[in-house]
*Asks:* 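Below you'll find the structure I mean.
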Amino acid sequence: MARYNPKEIEPKWQKAWDGARAFATASDRSRPKYYVLEMFPYPSGRIHMGHVRNYAMGDVIARYKRARGHNVLHTMGWDAFGLPAENAAMQTSAHPRDWTYANIDHMRAELKSIGLALDWSRELATSDVGYYRWQQKLFLDFWKMGLVERRESYVNWDPVDMTVLANEQVIDGRGWRSGAVVERKKLSQWFLKITDKAEDLLAALDDGRLKGWPENVRLMQKNWIGKSKGAFVRFRLMSGTSASDGAKEIEIFTTRPDTLFGASFIAVAPDHPLAAAVAKDDPKAAAFIAECQRTGTSQEAIDKAEKKGFALPLFAEHPFIDGRKLPVYVANFILMGYGTGAIFGCPGHDERDHDFAVKYRLDIIPVVLPPGEDPKTFSVEGGPYVGPGTLFNSGFLDGLSVDAAIEAAIAKIAAIGIGRAATQWRLRDWGVSRQRYWGCPIPAIHCATCGVVRVPEKDLPVKLPEVPAAAFKTPGNPMDRMPEWLNVPCPECQGPARRETDTMDTFVDSAWYFARFATDVAHRGNGPVDKADCDYWLPVDQYIGGIEHAILHLLYARFFTRAMKNAGHLSIEEPFANLFTQGMVTHATYQDAKGQWILPEDVVTVGGKLATVSGEPVTVGPVEKMSKSKKNVVSPVDIIAKYGADAARWFILSDSPPERDVEWTDAGAQGAWKLVARIWETVEPHQGLLAGAAAPAGADELRRATHQAIAGVTDDIEHFRFNKAIARIYEFLATVRKADGAATPARAEALSALVRLIAPFTPHLAEECWEHLGGKGFVLNAPWPDADAALLVKETLVLPVQVNGKRRAEIHVAANADAKAVEREALADAEVRRHVEGLTVRKVVVVPGRIVNIVAN
RNA sequence: GCGGGCGUGGCGGAACCGGUAGACGCAACGGACUUAAAAUCCGUUGAGGGAAACCUCGUGAGGGUUCGAGUCCCUCCGCCCGCACCA
């Protein structure tokens with residue numbers, strides 16, 4: 001018997017599928033559509049196991065839905081703009097474009113060896129002019145609709161390299177290449193007004209439009225959008241201490257106006273105008289603000305920095321308490337971008353305010369009394385109380401609940417004209433400017449007389465200028481140094497003007513690619529998307545990708561879909577009907593005696609111990625996400641060469657639930673390979689079996705097992721439980737192999753079902769088996785098997801019987817037995833009698849079809 | 001720091017709505033085949049006790065609710081993801 005050889009068989013079927021154009025998207029729109037999309041890859045150069053996992057999952061769904069009669073759209077493309085190409089250009093002198101497209105060619109070939117059911121004719125790269133010119137058109141549309149704005153905001157600035165740094169290029173507050181301390185620098189930048197859609201982006205999370213999304217992702221987005229109700233309140237600055245710009249008052253935002261009587265200070269952001277005004281004549285204040293500016297721009301850096309304040313020579317009057325003076329601080333944890341950039345601090349009922357008050361020895365006054373506490377003894381000196389309760393020490397609010405006090409406080413503030421109720425959002429507008437070359441150029445022109453002007457649509461695309469590869473060795477954006485590209489006549493006055501040199505955030509590229517995929521290639525020259533095509537295919541029925549994209553990418557795509565609908569390009573608000581977030585691929589880490597990381601392929605077992613190829617001892621470290629820096633990577637290409645694509649796909653799906661991390665182990669991959677070989681071995685003796693097989697009848701073991709397997713695997717695939725589907729296939733295979741005496745029709749039915757059930761997971765093997773058994777056409781076009789409900793019903797059940805919660809016996813009862821009969825049966829059981837001997841039975845709990853519990857004492 | 005998750009045998013995991021904890025796979029051990037090894041096939045395998053029947057313990061730690069808790073609640077520990085210029 002010939003051993004199964006994936007090296008021959010996998011390319012054979014890949015060629016056969018190609019030759020038959022088997023995965024070309026059908027134009028027949030009468031069938032129900034199904035659009036399955038995996039997050040497209042960044043073309044880093046090589047595929048990794050994370051890709052294999054992501055695309056194997058999508059492929060299972062695509063092939064399964066196809067077998068269920070759907071018209072399936074399943075495509076692949078490249079998230080091709082971004083920083084790594086420019087870093088490569090700095091290191092290797094390769095032009096970002098050449099580097100990127102060479103990587104794409106390489107990765108495409110690697111992906112094809114996995115045997116994915118993809119329509120490659122729809123492939124796109126976001127760096128193609130044919131893609132980004134339509135992104136420029138969308139940008140202009142949004143601009144006309146008022147969704148584009150220019151305003152100042154901060155970037156990480158490397159003062160040595162004179163360049164803007166990404167957050168990941170800032171390491172411990174220093175530039176990654178220069179090592180210089182990074183500064184915050186204000187630049188005029190482009191923004192998309194995602195906050196205009198905040199209300200609907202939030203509402204859709206809860207109103208059923210995203211019922212196919214995981215709860216945790218919806219919750220993360222909800223918290224990210226962060227709608228909070230509260231109030232603006234103006235505090236009068238005390239005379240004689242006014243700031244040098246003459247400000248008489250300071251406006252704060254608070255979500256807890258009920259705690260106003262517990263206020264003991266005011267804090268403003270380092271870039272608040274009041275702070276700047278004081279700093280003008282106060283070198284110490286200026287120095288403190290400068291220090292704050294040296295913290296990075298990321299929220300994480302700001303939050304983790306030690307909370308610090310600087311007392312300005314200013315005091316504010318408490319609006320309700322005569323004579324209470326509130327000192328005004330500049331504090332490094334107050335954000336200018338949220339609310340008014342100023343807060344009042346209530347140390348008794350807020351963590352950060354409490355820390356701040358302890359540090360600067362400010363009053364800590366409790367104003368909310370928890371239920372059951374005595375106001376005379378209750379203290380918040382040791383820590384704030386943030387729960388519900390009743391107001392005290394609070395004048396007109398005394399005795400009210402927190403909620404009632406919030407309302408009463410707002411009413412009073414409004415009545416005396418010092419403030420009003422307000423809603424604030426944590427969500428900020430989307431800064432899309434990048435001071436980099438390898439991105440989509442922003443279609444704008446700066447004219448000294450006309451200001452910032454749109455590039456007319458007829459002049460699109462604004463192509464990236466041709467820049468020599470050597471230009472990337474110099475820090476900064478090479479576009480700034482291309483006068484022949486930079487200088488253009490103003491589209492409005494024809495006077496001298498300059499092109500915008502900022503390019504777009506790559507999140508813009510990935511915010512609408514799903515709709516571009518849905519647009520037929522023949523229609524792609526006419527606009528960003530084809531509305532009719534999108535009306536048929538969208539929304540994406542199943543979107544699959546990493547949890548790391550839970551907020552930004554998904555939120556941006558949701559915003560873009562709304563904006564594109566408003567611009568008339570699409571008819572939907574939500575791009576992804578169902579979302580699945582898959583876990584990472586991890587691997588053990590290995591180090592040699594010197595602490596150097598070692599590739600798994602360079603580790604060998606010598607006498608039961610791990611060693612390097614040259615014999616040095618190796619220590620095994622923790623299992624971590626596969627990463628280049630720790631060298632704990634396994635190349636899919638090597639695995640496919642060794643075991644075949646089917647075994648790789650099988651293992652990556654078999655070992656862990658899809659949403660959790662999976663650990664790649666060579667033993668597991670070998671196990672998958674054994675399975676592939678065993679299935680072939682099981683099928684091989686039955687050449688042509690399907691051709692003349694009679695219809696199976698009866699209800700023998702094998703038939704029951706077959707239909708149970710069909711029902712179980714189907715249900716598991718529908719619910720994204722690939723690991724369980726695979727476990728069931730193992731069980732079913734064992735039954736098939738043991739069923740020596742089964743009748744030929746039952747065996748044909750079992751093998752036919754087996755091959756179709758494995759087809760989404762191991763498609764090459766399934767085709768080979770299908771052909772060998774005499775199945776018609778490709779198994780990929782064969783209908784999914786149906787489970788016969790009559791063969792799934794059990795006649796008798798085995799019920800566990802507990803005595804006082806401990807399992808003591810099992811009884812066999814008819815599936816339709818009533819509770820009384822089950823109870824009688826249980827009490828009659830010899831084992832049960834032994835355990836209740838000498839006790840009085842107090843209660844018998846019968847859970848139908850589940851369990852019996854006898855309570856006795 | 002803030003937001004969201006996860007934690008079950010030697011390992012990956014299963015256990016549906018609170019109802020027999022450990023399905024299935026890996027590893028290990030025993031056996032068959034072989035001159036031998038590999039491959040393959042069959043069997044055993046949570047821990048402790050017992051000759052056995054069987055008993056006790058056991059789902060990160062501690063507490064609680066319940067006839068019954070891996071599952072629900074509270075407190076704590078550890079790890080992972082995100083934090084707006086990595087993609």
Side-chain angles (χ1 to χ4, degrees), chain A residues 3 39 41-42 44 79 81-84 87 155-156 164-170 194 214-217 219-224 226 297-305 307 333 337 351-352 426-436 505-507 510 546-553 555-556 581 583-584 586 622-625 651 654-657 659-663 665 667-668 670-672 674-675 677-678 681 715 719 721 723-724 726-731 734 737 798-810 831 842-845 847 849-856:
Chain A
R3 197 151 166 78
M39 291 179 184
Y42 179 79
S44 57
D79 190 10
F81 275 136
L83 210 45
N87 293 337
V155 293
N156 297 306
V164 178
L165 298 178
N167 281 338
E168 75 157 8
Q169 296 174 317
V170 180
I194 190 171
E215 186 66 44
N216 63 333
V217 174
L219 191 55
M220 278 190 257
Q221 292 214 351
K222 196 172 170 173
N223 291 334
W224 183 263
T297 57
S298 80
Q299 187 67 52
E300 188 187 0
I302 293 165
D303 283 351
K304 277 188 178 166
K307 308 284 175 284
F333 56 91
E351 290 285 350
R352 278 196 311 199
R426 211 188 73 97
L427 182 68
R428 312 202 291 261
D429 279 329
W430 178 8
V432 295
S433 280
R434 297 294 180 270
Q435 293 70 35
R436 282 183 238 296
D505 179 9
T506 56
F507 274 123
S510 55
I547 185 72
E548 66 273 20
H549 295 293
I551 295 172
L552 293 180
H553 161 61
L555 195 62
Y556 293 147
T581 55
M584 298 178 302
T586 64
V623 175
E624 291 183 44
K625 176 180 180 170
F651 174 63
S654 71
D655 228 33
S656 290
E659 68 278 10
R660 246 196 270 177
D661 292 353
V662 64
E663 184 189 350
T665 61
Q670 275 182 47
K674 282 189 210 170
L675 178 279
R678 206 179 314 150
E681 197 185 290
D715 189 53
H719 293 97
R721 297 186 294 238
N723 57 322
K724 285 183 65 186
I726 283 174
R728 283 182 205 276
I729 292 171
Y730 271 110
E731 276 180 307
R737 286 164 69 88
V798 181
L799 286 191
V801 181
Q802 297 181 331
V803 177
N804 291 330
K806 286 188 185 178
R807 193 185 70 90
R808 298 299 184 186
E810 275 177 357
E831 273 301 305
R842 301 287 176 194
K843 187 175 172 186
V844 179
V845 181
V847 183
R850 278 291 186 188
I851 204 167
V852 180
N853 190 15
I854 295 162
V855 186

*Asks:* Between E300(A) (CD) and G82(B) (P), how many Å, whole number?
*Replies:*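 Taking atom P of G82(B) as the reference, CD of E300(A) is at 10 Å.
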*Asks:* How would you label the contact of G226(A) with the nucleic acid (heavy atoms, under 4.0 Å): base, sugar-phosphate, or nothing?
*Replies:*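 Answer is nothing: G226(A) stays at 4.0 Å or more from every strand.
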*Asks:* I want to check one thing: is the phosphate of C85(B), taken as OP1 and OP2, less than 4.0 Å away from some side-chain N or O of R434(A)?
*Replies:*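 So the side-chain polar atoms of R434(A) do come within 4.0 Å of the phosphate oxygens OP1 or OP2 of C85(B), strictly under.
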*Asks:* From CZ of R352(A) over to P of C2(B), roughly how many Å is that when rounded to an integer?
*Replies:*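 Going from R352(A) (CZ) to C2(B) (P), I get 9 Å.
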*Asks:* Hey, is the side chain of R737(A) poking within less than 4.0 Å of OP1 or OP2 on C41(B), counting only N and O atoms?
*Replies:*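 For C41(B), OP1/OP2 do have a side-chain N/O of R737(A) under 4.0 Å.
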*Asks:* What is the nucleic acid contact for V852(A), judged by heavy atoms within less than 4.0 Å: base, sugar-phosphate only, or nothing?
*Replies:*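 Result for V852(A) = nothing.
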*Asks:* Nearest to the side chain of K674(A), heavy atoms from C-beta on, is which of A27(B), U20(B), C6(B)?
*Replies:*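 Selected nucleotide (nearest to the side chain): A27(B).
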*Asks:* For the pair made of CD in E731(A) and P in G22(B), what is the distance, rounded to whole Å?
*Replies:*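 The answer, rounded to whole Å, is 14 Å.
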*Asks:* From OH of Y556(A) over to C1' of C86(B), roughly how many Å is that when rounded to an integer?
*Replies:* 13 Å
*Asks:* Side-chain N or O of R721(A) less than 4.0 angstrom from OP1 or OP2 on C24(B)?
*Replies:* no
*Asks:* Provide, to the nearest angstrom, the distance between the CD atom belonging to Q169(A) and the P atom belonging to C86(B).
*Replies:*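 Answer to the nearest Å: 8 Å.
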*Asks:* Would you say the side chain of D303(A) and the base of G1(B) hold a donor-acceptor pair, judged only by whether the two atoms sit under 3.5 Å apart?
*Replies:*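 Donor-acceptor pair under 3.5 Å: yes.
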*Asks:* Among C85(B), A87(B), U20(B), which nucleotide sits nearest the side chain of L552(A)?
*Replies:*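 Between C85(B), A87(B), U20(B), the one nearest the side chain of L552(A) would be A87(B).
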*Asks:* May I have the distance from D655(A) (atom CG) to A14(B) (atom C1'), rounded to whole angstrom?
*Replies:*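 Taking atom C1' of A14(B) as the reference, CG of D655(A) is at 13 Å.
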*Asks:* Under 30°, 30 to 60°, or over 60°: which ring-plane class applies to H549(A) and F507(A), parallel, tilted or perpendicular?
*Replies:* perpendicular
*Asks:* Is D715(A) paired with K724(A) through a side-chain N to carboxylate O contact shorter than 4.0 Å?
*Replies:*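 Judged by the 4.0 Å cut-off on N to carboxylate O distance, K724(A) and D715(A) do not form a salt bridge.
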*Asks:* For a quick test of reading the model: is some side-chain N or O of S656(A) closer than 4.0 Å to OP1 or OP2 of G13(B)?
*Replies:* yes
*Asks:* In this structure, how many angstroms lie between the C1' atom of G13(B) and the CD1 atom of I726(A), rounded?
*Replies:*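 Atom CD1 in I726(A) sits about 12 Å away from atom C1' in G13(B).
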*Asks:* For M220(A) and E810(A), take the nucleotide of RNA chain B holding the closest heavy atom to each; which residue's nucleotide lies nearer the 5' end?
*Replies:*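 That would be M220(A).
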*Asks:* C83(B) base to Q299(A) side chain: any donor-acceptor pair below 3.5 Å?
*Replies:*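 Flag unset: no donor-acceptor pair detected.
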*Asks:* For C57(B), does either OP1 or OP2 sit under 4.0 Å from a side-chain N or O belonging to K806(A)?
*Replies:*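 So the side chain of K806(A) is within the cut-off, an N or O lying under 4.0 Å from OP1 or OP2 of C57(B).
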*Asks:* Measure the distance from CZ on R426(A) to C1' on G1(B) and round it to the nearest whole Å.
*Replies:*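 It is 12 Å, rounded to the nearest whole Å.
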*Asks:* Does the side chain of N723(A) get closer than 4.0 angstrom to OP1 or OP2 of A14(B) through an N or O atom?
*Replies:* yes
*Asks:* Determine: side-chain N/O of T506(A) to OP1/OP2 of A87(B), distance under 4.0 Å, yes or no.
*Replies:* yes
*Asks:* Would you indicate, yes or no, if C67(B) has its OP1 or OP2 atom less than 4.0 angstrom from a side-chain nitrogen or oxygen of N804(A)?
*Replies:* no
*Asks:* Is there a side-chain polar atom (N or O) of N167(A) under 4.0 Å from OP1 or OP2 of A84(B)?
*Replies:* yes
*Asks:* Would you indicate what P657(A) reaches in the nucleic acid, counting non-hydrogen atoms under 4.0 angstrom: base, sugar-phosphate, or nothing?
*Replies:* sugar-phosphate
*Asks:* Using a cut-off of less than 4.0 Å, is there contact between a side-chain N or O of R678(A) and OP1 or OP2 of C41(B)?
*Replies:* yes
